[in-house]
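As the structure is a computational prediction, the values presented were derived from the model and not from experiment. Convention: sequence-line order gives letters A, B, ...; per-chain numbering from 1.
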Amino acid sequence: MSMGEAHRRITEYLNRFSDAISSQDGATFKSLFALSSNSPFLLSLGDALNLFQDPNRLIKQSDNYSQFADILVPLFRSLLNYRQNNLLEAYNAFEKTANAFIQEFRNWESAWALEALYVIVYDIRVLAEKADKELASNGKSPEKLKGAGSVLMKFFGTLAGKGSKRVGALYVTCQLFKIYFKLGTVHLCRSVIRSIETARIFDFEEFPKRDKVTYMYYTGRLEVFNENFPAADYKLSYALKHCNPQSEANIRMILKHLIPVKLSIGILPKNSLLEKYNLLEYSKIVQALRRGDLRLLRCALQDHEDRFLRSGVYLVLEKLELQVYQRLVKKIYIIQKQKDPGRAHQVKLEVIVKALKWLEIDMDVDEVECIVAILIYKNLMKGYFAHKSKVVVLSKQDPFPKLNGKPVNS
Amino acid sequence: MATEPKAVTEDVKIDLFEDDDEFEEFEINEEWDDKEEGKEVTQQWEDDWDDDDVSDDFSLQLKRELESNTNKN
């Protein structure tokens, strides 16, 4: 590339930039910030900046550009560094661009530049992640993603007003969620959620569908962490119902967290669902619940322990043991009922011990009594103990209440 | 023969670190039809599975086990 060609490309970019602002052309404007998109136009601009020694001189030589120097100077520096794979420097400069952009954005009355804001918000997160990888590989402390979170909070504050810009607030929120989940600081989600869900300025239904789906996915996952299963079921089911049917990866991700929630409230996924979305790690768990097979449940948890732990659902799945115990005792009761209907409601604890022994689970009568006591307390079984004779006497009416979409009593 | 197990462990490794559950971005102006959303996927659940049927293999084995134990006592 010649020096003249480099000059031409930089000038072309600057003209597009100022024209987009003067004509409020949001589509063109957003494309000028999309570093991580690796668009040929921006890549060639990066090459031009590498060749042209002083692009800042071009910015300052015209009033059309110089009034936006606070955005453009660091943006050029970011583009140049990104092209040279200096990701830390690219991020640092882009953060300056983002801060300058938000100052300008506040002054624009309409929301014409909202899509450019989305691009900046997305890229600052992506660049921060890349910069942190670079820092970590050089043995330094990765801190840029945390910094990006602080910048995005400023963006959120700007959008949390009364005008047409407020529809952008949920997109920023979702990017913040991605940052907080990645950093393991999910407690920071609370203040943003409070703003979205309690502030009168926001009407959830007016947000774009893609943002509502993403928001419900992340807040649903938070409800899973808090073991608030009815709320988790509502939010993740909303995300599932409204997700783009073409986006199979996202549907799979929603299901990965919704399935444990559904299991916890006594609802099973069909095998066809597990097969279609390659979630077969749940098939043995479903089978264990159907059968009352405690050994199978424990094996399934052990086999996929890493995966379940990483997704944050291991503890939820582990608590399904009580439902499996309930199912096993219910089967013992039904088998007894077929043989001797008159005495079926009296189940000897010794019989449960034997059933567990057959499943290679060693428990003595006292331990089984403990489990049965918990089942009764949690309303998974109705009955009482005849303690001396080591028998549980089951209610003649509905001895094994169904969950009916409600969580086990805590 | 020595290469086969290696291929298997590589597969497992890829599978194990498949993702960190980060939701994929939808395109900024991505729209989709309300009518085609989630219809099929929301019908893939069973809430009335906990029946009194004990004719499956597991239940029959359990029954045999309990009866054989009863006979021994």
Side-chain angles (χ1 to χ4, degrees), chain A residues 30 115 118-119 122 174 178 181-182 209-211 213-214 217-218 221 237 240-247 249-251 253 255-257 262 266-270 272-273 276 289-293 306-307 310-312 327-328 330-332 334-336 338-339 351 354-355 358 400 402 404-405, chain B residues 4-73:
Chain A
K30 77 170 180 186
E115 288 187 8
Y118 293 154
V119 167
Y122 172 76
C174 293
K178 288 184 178 190
F181 271 76
K182 192 119 192 161
K209 193 187 297 182
R210 57 177 184 136
D211 298 337
V213 168
T214 307
Y217 167 74
Y218 281 105
R221 282 186 64 189
S237 294
L240 182 65
K241 188 180 175 206
H242 296 285
C243 188
N244 187 341
Q246 261 64 62
S247 182
N250 280 347
I251 290 174
M253 237 169 277
L255 285 169
K256 200 191 258 197
H257 296 88
K262 290 283 192 192
I267 297 168
L268 305 187
K270 291 182 183 170
S272 53
L273 186 72
K276 182 175 180 183
L289 277 163
R290 280 187 194 280
R291 288 181 181 178
D293 188 341
D306 288 312
R307 191 174 296 184
R310 265 203 328 281
S311 292
R327 185 77 173 142
L328 181 64
K330 182 176 178 177
K331 285 205 166 177
I332 292 168
I334 295 164
I335 289 165
Q336 282 191 180
Q338 287 176 347
K339 198 180 173 193
V351 174
K354 281 170 185 169
W358 168 63
F400 298 96
K402 291 182 181 178
N404 291 326
Chain B
E4 267 181 35
K6 193 178 177 187
V8 170
T9 53
E10 266 174 27
D11 280 355
V12 169
K13 203 173 176 184
I14 291 161
D15 204 19
L16 191 65
F17 299 103
E18 55 177 338
D19 64 67
D20 59 356
D21 295 354
E22 186 180 289
F23 215 55
E24 283 185 3
E25 294 288 323
F26 295 115
E27 291 299 315
I28 281 178
N29 289 314
E30 192 173 335
E31 279 303 323
W32 53 88
D33 184 7
D34 265 317
K35 290 180 187 70
E36 59 171 322
E37 293 167 355
K39 203 179 278 177
E40 179 203 346
V41 86
T42 49
Q43 291 164 355
Q44 295 286 319
W45 307 97
E46 294 177 71
D47 52 6
D48 199 21
W49 56 274
D50 186 8
D51 51 31
D52 290 358
D53 180 33
V54 284
S55 60
D56 59 290
D57 286 348
F58 178 85
S59 302
L60 293 172
Q61 277 179 279
L62 173 63
K63 188 177 181 179
R64 273 199 300 276
E65 194 63 31
L66 296 180
E67 283 172 357
S68 69
N69 278 320
T70 311
N71 296 341
K72 280 175 199 169
N73 284 351

> Can you tell which of A:K262, A:K270, A:R290 makes a side chain to side chain donor-acceptor pair (under 3.5 Å) with B:E46?
Replying inline: A:R290

> With no hydrogens and no angle check, is any side-chain donor or acceptor of A:N250 less than 3.5 Å from a backbone partner on B:E24?
Replying inline: yes

> In terms of heavy-atom pairs under 4.5 Å, which option from A:L268, A:I332, A:T214 contacts chain B the most?
Replying inline: A:L268

> How long is the span from the NZ atom in B:K63 to the CD atom in A:Q336, to the nearest 0.5 Å?
Replying inline: 12.0 Å

>> Could you check whether any side-chain heavy atom of A:K178 comes within less than 4.5 Å of a side-chain heavy atom of B:E25, counting everything from C-beta outward?
In response: yes

>> For a quick test of reading the model, state the closest non-hydrogen atom pair linking B:W49 to A:G266 and the distance between them.
In response: NE1-O, 2.9 Å

> Tell me, side chain or backbone of A:S272 under 4.5 Å from chain B's heavy atoms, or both, or neither?
Replying inline: both

>> I need the residue from A:D211, A:D293, A:L289, A:L328 with the largest number of non-hydrogen atom pairs under 4.5 Å to chain B.
In response: A:D293

> Distance from A:C174 atom SG to B:F26 atom CZ, nearest 0.5 Å?
Replying inline: 10.0 Å

>> Exactly one of A:R291, A:R327, A:K331 should register a salt bridge (charged side-chain N to carboxylate O under 4.0 Å, His left out) with B:D56. Which one does?
In response: A:K331

>> With rounding to the nearest 0.5 angstrom, report the CD to OH distance, B:E22 to A:Y218.
In response: 5.0 Å

> So A:W358 and B:F58, would you call those rings parallel, tilted or perpendicular, with 30° and 60° as cut-offs?
Replying inline: tilted

>> Between A:I335 and B:E65, is the side chain to side chain contact (heavy atoms under 4.5 Å, CB included) condition met? List the steps.
In response: CA-CA 11 Å; A:I335 289 165; B:E65 194 63 31; over 6 Å; no

> Which answer fits A:Q338, side chain, backbone, both or neither, if we ask what part of it has an atom under 4.5 Å from a heavy atom of chain B?
Replying inline: side chain

> Which bit of A:F400 comes within less than 4.5 Å of chain B, counting heavy atoms only: side chain, backbone, both or neither?
Replying inline: neither

> Between atom OG of A:S247 and atom CZ of B:F23, what is the distance when rounded to the nearest 0.5 Å?
Replying inline: 6.5 Å

